[in-house]
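The model shown is predicted, which means the values in this text are computed figures rather than measured ones.
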Amino acid sequence: QVQLVESGGGLVQAGGSLRLSCAASGSIFSDNSMGWYRQALGKERELAAAITSGGRTNFAASVKGRFTISRDNAKNTVYLQMNSLKPEDTAVYYCFFGSKDRVYWGQGTQVTVSS
């Protein structure tokens, strides 16, 4: 089992920045991926950004150039730096940890961007 603890999120004006953190604990395999999905009200959950334990990254087209993802493997923690936020970035952001064909989810954190 893997437990995920998220922090960050909140309310910010358009153009502002927020930083999300997610720490994993438990049965951590070295070969894994972590990142964030997001779900806006009335929409399906979508990948925002992900990073493998080897440092390979993947971003949704809508966040490229504005969001940065990084990780500290020693702390099993992933960070999502969100800059130039837009109202359409408003969503619940869910941290995920994927390894050995299993995916674990955080409880979600609300990000609200006001116009």
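- One hydrophobic cluster, built from ILVMFWY side chains closer than 4.5 Å, holds both Y104 and I28.
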Go through the steps for Q81 and S70 under the test side-chain contact (heavy atoms from CB on, under 4.5 Å), then give the verdict. CA-CA 8 Å; Q81 179 65 44; S70 61; over 6 Å; no
Start with the C-alpha gap between Q13 and V113, add the side-chain angles, then the distance that decides, and say whether side-chain contact (heavy atoms from CB on, under 4.5 Å) holds. CA-CA 5 Å; Q13 288 188 335; V113 184; over 6 Å; no
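- Across every non-hydrogen atom of S99 and F29, the tightest pair is OG-CB, 3.4 Å.
- Rounded to the nearest 0.5 angstrom, L11 CG and Q110 CD are separated by 9.5 Å.
- Interatomic distance, CZ of F67 versus CG of L18, reported as 9.0 Å (0.5 Å rounding).
- Note that the CG atom of N76 and the CD atom of Q3 stand 11.5 Å from one another [nearest 0.5 Å].
- Scanning all heavy atoms of the two residues, the minimum distance from L80 to A49 falls at CD1-CB, 3.8 Å.
- No hydrogens or angles considered: nothing links the side chains of S53 and N32 as a donor-acceptor pair under 3.5 Å.
- Between the side chains of R38 and Y93, at least one donor N or O lies within less than 3.5 Å of an accepting N or O.
- We find the CH2-CG distance between W36 and L47 to be 12.5 Å, quoted to the nearest 0.5 Å.
- In this structure, the side chain of E6 engages the main chain of G108 through a donor-acceptor pair within 3.5 Å.
- Here the side chain of T109 pairs a donor or acceptor atom with the backbone of G8 at under 3.5 angstrom.
- A salt bridge does not link D31 with K100: every distance from a Lys NZ or Arg NE/NH1/NH2 to an Asp or Glu carboxylate oxygen is 4.0 Å or more.
- In this structure, the separation between CG on N83 and CZ on R19 is 11.0 Å, given to the nearest 0.5 Å.
- Rounding to the nearest 0.5 angstrom, the gap separating the OG atom in S33 from the CD1 atom in I51 is 10.0 Å.
- More than 12 heavy-atom neighbours from other residues, nucleotides or ligands sit within 6.0 angstrom of CD on Q107.
- Applying the disulfide (SG to SG under 2.5 Å) rule to pairs touching residues 28-109 yields C22-C95, sequence neighbours excluded.
- No donor-acceptor contact under 3.5 angstrom links the side chains of T90 and E88, judged on distance only.
- Looking only at side-chain heavy atoms (C-beta outward), V111 and M82 come within less than 4.5 Å of each other.
- Hydrophobic clustering, with ILVMFWY side chains joined whenever heavy atoms are under 4.5 angstrom apart, keeps V63 apart from V92.
- Checking Y94, W105, F97 one by one against Y37, the ring pair (Phe, Tyr, Trp, His ring centres under 6.0 Å) holds for a single residue, W105.
- The nearest pair of heavy atoms linking P87 to S115 is CG-CB, 3.8 Å.
- A cation-pi arrangement is not found for R71 relative to Y79, the charged atom failing to lie both closer than 6.0 Å to the ring centre and inside a 45° cone about the ring normal.
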